[in-house]
2 protein chains.
Amino acid sequence: MAKKVVQEGERRRRRRTKQGLVLSHDLIIETALRLLREHGAQGLTARRLGLALGADPSTVYRYFDGMDDLILALADELMGRAVSGWSTTGDWRRDLRELGLRIHATYLAHPQAAVLTAARVSGRSQEIAADEAILGLLRGAGFPDPSAVRIYHAFIDQALAFAALDAATLTLPEPALRADRTIWRATYARLPERTHPNITAVADLLAGQMNSSAFPVALDLLLASAAADLASAAPGGRAGGGG
Amino acid sequence: MAKKVVQEGERRRRRRTKQGLVLSHDLIIETALRLLREHGAQGLTARRLGLALGADPSTVYRYFDGMDDLILALADELMGRAVSGWSTTGDWRRDLRELGLRIHATYLAHPQAAVLTAARVSGRSQEIAADEAILGLLRGAGFPDPSAVRIYHAFIDQALAFAALDAATLTLPEPALRADRTIWRATYARLPERTHPNITAVADLLAGQMNSSAFPVALDLLLASAAADLASAAPGGRAGGGG
DNA sequence: CACATAACGTCAACCCTGTTGGCATAAGCT
DNA sequence: AGCTTATGCCAACAGGGTTGACGTTATGTG
């Protein structure tokens with residue numbers, strides 16, 4: 001029902017003089033992003049958004065078809081920011097690593113959007129632009145199309161999956177239940193060595209590592225594997241980019 | 001507040017004759033798993049759980065400290081099922097692949113638990129048992145401890161992250177917004193070739209692949225990378241398992 | 001200018017969620 | 001018996017998303 005609003009209401013600048021503020025898609029998106037940034041994943045609710053806008057919560061529904069539609073629009077805005085200012089260095093592996101870290105970091109700050117972005121086809125411009133860039137890097141590096149698509153799929157979903165997971169970890173309400181170094185040590189160092197020889201042997205390494213995200217490690221492993229594939233397929237070096 | 005219940009109430013078998021049914025931790029867990037299995041991620045709520053138990057929703061709070069505590073117990077039960085009946089074949093890479101697929105599939109059927117499992121340290125037995133098994137495989141294969149921990153971390157979090165992501169994809173309410181092959185074709189095949197040359201070039205491959213989970217691909221890439229690391233560190237073959 | 005119409009904002013309500021405190025009863029212990 | 005603990009239910013609270021009715025404002029048209 002808000003679709004006509006999207007098409008025609010965009011260029012008209014109306015002024016609410018007595019009833020309240022002037023709302024717009026951009027203002028709502030901006031405010032929603034601010035809420036996510038300042039209060040985390042749980043900070044964005046219909047009611048809080050209305051409050052932050054100085055408007056009634058239901059007003060948002062004049063501009064978006066429910067919260068899912070808003071979050072989808074949010075996701076596209078985020079993807080645009082994740083890849084904005086990006087340019088290739090000529091090294092596909094380095095570029096992909098940078099791109100992956102950017103996407104992960106961006107969606108980490110705004111978690112709910114990651115799931116929706118990976119789960120749905122929004123058909124929005126920024127997401128498609130990112131897809132095009134990633135595929136271009138892989139195909140330009142010389143990957144044959146099936147491999148490029150395969151790696152692209154794993155790459156983008158891995159970035160989004162870890163972003164969603166890491167965000168969920170960070171936004172847990174009770175820090176007592178969160179995995180911090182102390183708890184890890186207390187839990188794993190006390191295991192009997194006979195029943196858990198491997199854990200006790202590496203308990204210190206575990207304690208030092210399990211708090212940080214595993215995403216960079218997984219990303220590097222993925223890229224290393226891809227590079228090995230490429231090297232074995234075309235040992236001479238990089239093949240010329242197609243069409 | 002329910003902790004004493006956990007300790008002492010376990011062995012006593014009481015019978016509620018007039019007020020209602022006999023509840024127990026096991027019965028609640030079983031019912032919760034059934035709800036997740038039958039109605040998906042959104043099927044498990046405090047109120048639905050009470051309804052399925054034939055009891056008041058608040059009764060559950062006599063046995064668990066809130067829904068988070070219940071889900072944590074659920075996660076441990078799931079991890080136990082994921083690795084139950086598993087035994088090594090002597091091939092660490094094959095074993096890890098099997099284990100990863102099992103964990104992913106199990107948590108895929110019961111999604112919320114994946115996030116909590118990865119995010120928190122429950123210190124529960126089944127999770128620790130799985131950790132011990134994975135670390136044992138890696139260290140037994142000859143990985144030095146830092147590498148073993150690094151790969152273990154990426155391995156387990158990747159399985160859980162993809163499970164959470166894939167589950168979120170599957171449980172989306174509106175199929176119209178879900179990514180099925182038709183929508184992918186319609187969205188990506190119509191892009192202008194000039195602005196999106198790479199996407200249009202591989203549109204068919206994309207359409208055939210983006211519906212399935214990227215987890216098996218990502219898992220294989222991770223394992224291949226680990227195997228390459230191991231081979232380059234100890235070229236002669238497998239090193240003997242450390243103490 | 002006046003009028004009709006669409007856009008926009010608010011209010012109150014509905015149904016869902018997790019959670020808590022008070023109260024009643026059954027079970028176990030002394 | 002009595003006393004304590006363990007349950008279970010009921011009603012309520014705070015907070016989610018969403019909707020429909022209603023009034024006001026802005027725009028388009030004569």
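Letters A, B, ... mirror the listed sequences (proteins, then strands); counts begin at 1.
- Computed from coordinates, the B:Arg62 CZ to D:dT5 C1' distance equals 11 Å when rounded to whole Å.
- The base of C:dC11 sits within donor-acceptor range of the side chain of A:Ser58, with an N or O pair under 3.5 Å.
- Distance A:Leu70 CG to D:dT18 C1': 14 Å, rounded to the nearest Å.
- Distance CZ (B:Arg48) to C1' (C:dT19): 18 Å, rounded to an integer number of Å.
- If you measure from atom CG of A:Asp56 to atom P of C:dG9, you get 11 Å, rounded to the nearest angstrom.
- The nearest whole Å value for the distance from the CZ atom in A:Phe64 to the P atom in D:dG17 is 15 Å.
- Remark: the A:Ser58 side chain and the A:Asp56 side chain contain an N/O donor-acceptor pair separated by less than 3.5 Å.
- Side-chain atoms of B:Asp131 and A:His196 form no donor-acceptor pair, as typed in the model, at a separation below 3.5 Å.
- In summary, the side chains of B:Asp76 and B:Gln126 do not present any donor paired with an acceptor at a separation below 3.5 Å, with no hydrogens or angles considered.
- In this structure, A:Thr59 reaches the bases: a heavy-atom distance under 4.0 Å links it to at least one base atom across the strands shown.
- B:Arg34 and B:Glu30 are not joined by a salt bridge, as no carboxylate oxygen comes within less than 4.0 angstrom of a charged side-chain nitrogen.
- Counting to the nearest Å, the C1' atom of C:dC8 and the NE2 atom of A:His25 are 12 Å from each other.
- What separates CG of B:Leu49 from P of C:dG18 is a distance of 9 Å, to the nearest Å.
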